[in-house]
Amino acid sequence: MRVSEKIIEGLLWLAAVITILITAGIIWVLLSESISFFQVVPLVDFLTEKEWTPLFADKKFGIAPLVAGTLLTTAVAISVALPIGLTIAVYLNEYAHARLKQVVKPLLEVLATIPTVVYGFFALTVVTPFLQGFIPDLAGFNALSAGIVMGIMIIPMISSLSEDAISAVPRSLREAAYGMGSTRLQTSFGVMVPAASSGIVVSVILAISRAVGETMIVAIAAGQQPRLTLNPLVPIETITTYIVQVSLGDVPRGSLEYKTIFAAGITLFIFTFALNNLSFWIKKKYQEKYD
Amino acid sequence: MSRKHNKLEAINLDAYYGDFHALKGINIAMEEKNVTAFIGPSGCGKSTFLRTFNRMNDYIDGFRTEGDILLDGKDIYTKEVRVDELRKEVGMVFQKPNPFPKTIFENVVYGLKIQGISKKAVLEEAAEKSLKRAALWNEVKDNLNKSALALSGGQQQRLCIARALAISPSVLLMDEPASALDPLSTAKIEELIYELKNDYTIVIVTHNMQQAGRVSDNTAFFYMGELVEYSKTKTMFTSPQDTRTQNYITGRFG
Amino acid sequence: MTNSEKNRLKDKAFQVFGVFCTFIGLVVLAVFLFDIILEGARRIDWDFLVSLPSRRAARAGILTAWVGTLWILVLTTIIAFPLGVAAGVYLEEYARKSKMANFLEINIANLAGVPSIIYGLLGLEIFVRQMNLGGSLLAGALTLSLLILPIIIVTTREAIKSVPRSVRDGSYALGASKWQTVWNQVLPASFGGILTGIILALSRAVGEAAPLIVIGALAYVPFTPSSPLDEFTVLPIQIFNWTSRPQAEFQTNAAAAIIVLLIITFMLNGIAVYLRNRQQKKIKW
């Protein structure tokens, strides 16, 4: 029986270790394909060229337009989700009845469970035509609609995590603020939000990471035109959209075009990896503050 | 009257949690079919000591012992001893009743089932016997398939005793078995202990001096990891030798 | 106006803004669902559910898509369930506090943050190419299994953590081994929580399109798959495909398919919430 116990433990260990293999696999796959890409395209060109046209006759391999597109949609999304999400967190914590909070929180979570392809449809067929009513210059595909809808999707991410952070602030601190005659608003933004800032920052970083890696919304609604611009009204292309675009086409395996998706992939991976680890680091560093 | 043999012994026992010296040079021998009470203030090491007899401390990181613990004269901390075999011999009842979230029947026969016994008749017989022994049978015999969590606290604790008895141990360790119970349930548990000592060697940790006086033959007083005094319960409560014992049982600290 | 009056006014103003923000998301959600239903509901009929895809919008159906989605759900469950639960059990019950355990934990948190499309690239290289599975159901299910593994592991650990120490002690004291304790006590007691986690993970998998597009799942599959090695499509890809077409009829088809996808997603989430509530009511330690 002791032997079978050891065998079982070994199998369970194996299952846990598979998670390391997955990470190793991701890094290996991205690196090995990218390395052979960078043997043809110099890294300097990849980083400094201002155009991305691997699928055209005149091939240029500058990642900048895709990065710009990604950052643009992300910026729009965060500027929608951060104010709304943070306001919801403060409101639910300081103003709303406990009952309302109990009802609203799971309802907001519904926003996070809707498949992203559905949000894409929404952005393209509802939000863009709606916005075109105010902004006649808005193109059919644009970063604005995609970003706004993505922002709506990540509201619960920011509101939930921030709300947790705010409610973790010790009661005594809040009571001290009220004791000195502060209004709820002053208490919230003068005391609670600063005290919970590390948790709020973590929620925003995770939201950024999510937005950077989001695919279907931008693939459907933001366009497929790599463009180095900060104008949210015109079609652009994100890193993720490019990978989808190539995957849908008939690019032969092993060709340079095929390898571009791994070069794009590793760029994306570096972004999200850095953001995620930054959030872990902040969490760890400031976690013990109130323990 | 024939002399009883020593069921449990500790010889020069030291125990550590990492750097913390929890038990210091304990020497004690407990006769079979007797009730021994461990008393002492919180953190004195009495529960730690109790748990060395069925090696329940094994799962705690950084716990280690020096010296010997003997069951029927044999060291239980050697490599040859299999912990699961040891625990069939040395049953345990915990401070808070901890029935499994299963039926009453499943709780009682759990120890037998994990030994690979699956014959329904055998299990049913064992369940009835153990529940009768634990004075619970009359209250639950019609509800054996009800969840154990639906029982009252006192019933749950007697179920845990029945569960321990079902695998026929010779020693029963009880870690403050009545501290979470109301006075009526406590009385029932104490009665039960009195009954059971005809067949089992019982070691009970308790905070309650009156309880120690009521149920035990011998009492051991622990203080800061040391065994201060060990004698007949009557002797200890009427003429304690050590001033620390005296102070404790007269309620000066605790 | 005194300072204190000003402050009170600001406080009130923020309260109104708070209500507005809290409900804007929900209002948008409602508008959106209403719009989708308005556009798609009339398109849903028996034919739509049992027809093969077609170049003509009016004849096209979602048979291959929902059958593919079903296949993917089943295969992903078979692969990810044992793997994720086993890893969760190991980390919570067996792993001692060590550098290795710490590393495993950080690694899993990291995996949870990797964009789904990156899993697609992993699946493309490992399953489609190295293992030569092509754009098959199996390759898709394996890819999605890796994607949802971190979710299952994390929720399994939380469910196991909620089983009190005393239950384990009780089992050990009766001579049970570690695995006997895990199998007979810990897993049954935490099963509700584990199941909730799995269903939530599946509801995530069911809506994924990007990684499956990358591994080569097709937009147009003329037959329903009949084995794990067949090519396939899923509802989200079908929706993506129809959404990308300019004709209004296809947009209607997309809306109709979205209704079906949302029903599946909400059903899975509903089951998960129901299980969680029931679990919380049933066991009070």
Side-chain angles (χ1 to χ4, degrees), chain A residues 1 5 8-9 11-13 15-16 18-20 22-23 25-26 29-30 33 84 87-88 90-92 95 104 107-108 110-111 113-118 120-122 124-126 152 155 183-186 206 209 213 215-216 220 240 243-244 247-248 261-262 265 268-269 272-273 276-277 280, chain C residues 7-8 10-11 14-15 17-19 21-22 24-26 28-29 32 35 83 86-87 89-91 94-95 104 106-111 113-118 121-122 125-126 146 149-150 153 177-179 203 207 209-210 213-214 216 236 239-240 243-244 251 254 258 261-262 265 269 273:
Chain A
M1 211 157 85
E5 286 278 325
I8 287 168
E9 182 170 350
L11 288 175
L12 297 175
W13 175 83
I18 281 180
T19 58
I20 293 180
I22 297 173
T23 307
I26 288 173
V29 163
L30 293 179
E33 294 286 332
I84 295 182
T87 304
I88 291 175
V90 169
Y91 174 74
L92 288 182
Y95 290 79
V104 167
L107 271 178
L108 282 171
V110 173
L111 287 173
T113 65
I114 293 176
T116 56
V117 63
V118 178
F121 177 86
F122 184 49
L124 184 70
T125 64
V126 179
I152 292 170
I155 285 174
T183 62
R184 291 175 292 189
L185 186 66
Q186 287 166 327
L206 290 177
S209 168
T215 307
M216 295 320 289
I220 291 172
T240 50
I243 298 173
V244 167
S247 301
L248 286 170
I261 62 174
F262 292 90
L268 175 65
F269 182 74
T272 56
F273 186 81
N276 291 334
N277 283 284
F280 301 151
Chain C
N7 283 337
R8 239 174 294 155
K10 274 191 212 158
D11 193 58
F14 181 79
Q15 183 165 19
F17 185 60
V19 174
C21 284
T22 305
I24 182 115
L26 301 178
V28 168
L29 181 68
F32 172 46
D35 176 77
L83 213 54
V89 166
Y90 178 80
L91 290 170
Y94 285 82
L104 276 168
I106 292 177
N107 181 54
I108 288 166
N110 240 316
L111 281 178
V114 171
S116 61
I117 197 159
I118 301 281
L121 292 174
L122 176 70
E125 188 66 27
I126 304 287
L146 301 188
L149 206 53
I153 293 174
S177 66
K178 189 148 207 166
W179 175 245
S203 90
I213 290 173
V214 174
I239 292 165
F240 173 58
T243 306
S244 310
Q251 305 287 338
I258 284 174
L261 179 62
L262 284 179
T265 312
N269 279 287
V273 171

Minimum heavy-atom distance between [X] and [Y], given as atom pair plus value:
X      : Y      : result
C:I239 : A:V117 : CG2-CG2, 3.9 Å
C:A210 : A:M216 : N-SD, 3.7 Å
C:I213 : A:S247 : O-CB, 3.7 Å
C:T22  : A:L108 : O-CD2, 4.1 Å

(request) Go through the atoms of A:T113 and report whether side chain, backbone, both or neither lie under 4.5 Å from a heavy atom of chain C. (result) both

(message) Report which part of A:V104 has an atom under 4.5 Å of a heavy atom belonging to chain C: side chain, backbone, both, or neither.
(response) side chain

(message) Consider side chain to side chain contact (heavy atoms under 4.5 Å, CB included). Of A:N277, A:T19, A:T23, which one does C:N110 pass it with?
(response) A:N277

(message) For the interface with chain A, which of C:G113, C:P150, C:G207 has the highest count of heavy-atom pairs at distances below 4.5 Å?
(response)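 If we count pairs closer than 4.5 Å to chain A, C:G113 comes out on top.
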
(request) For each of C:I126, C:T265, C:L111, tally heavy-atom pairs with chain A at distances under 4.5 Å, and name the one with the top tally. (result) C:L111

(message) Quick check: C:F14 with A:Y95 (ring centres under 6.0 Å apart)?
(response)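 Between C:F14 and A:Y95, which both carry aromatic rings, the centre distance is below 6.0 Å.
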
Contact origin within [X] toward chain A - heavy atom pairs under 4.5 Å:
X      : value
C:V273 : neither
C:I108 : side chain
C:L261 : side chain
C:D35  : side chain

(request) Would you confirm whether C:Q251, through its side chain, and A:T125, through its main-chain N or O, come within 3.5 Å as a donor-acceptor pair? (result) no

(request) Output yes when a side-chain donor or acceptor of A:N276 lies under 3.5 Å from a complementary backbone atom of C:A109, and no otherwise. (result) no

(message) With a 4.5 Å cut-off on side-chain heavy atoms, are C:F240 and A:V244 touching?
(response) yes

(request) Answer with yes or no whether the side chains of A:T183 and C:N7 bring together a donor and an acceptor at under 3.5 Å. (result) no

(message) Holding to side-chain contact (heavy atoms from CB on, under 4.5 Å), I want the full list of residues that pass it with A:I152, two or more places apart in sequence or in another chain.
(response) A:L111, A:I148, C:V28

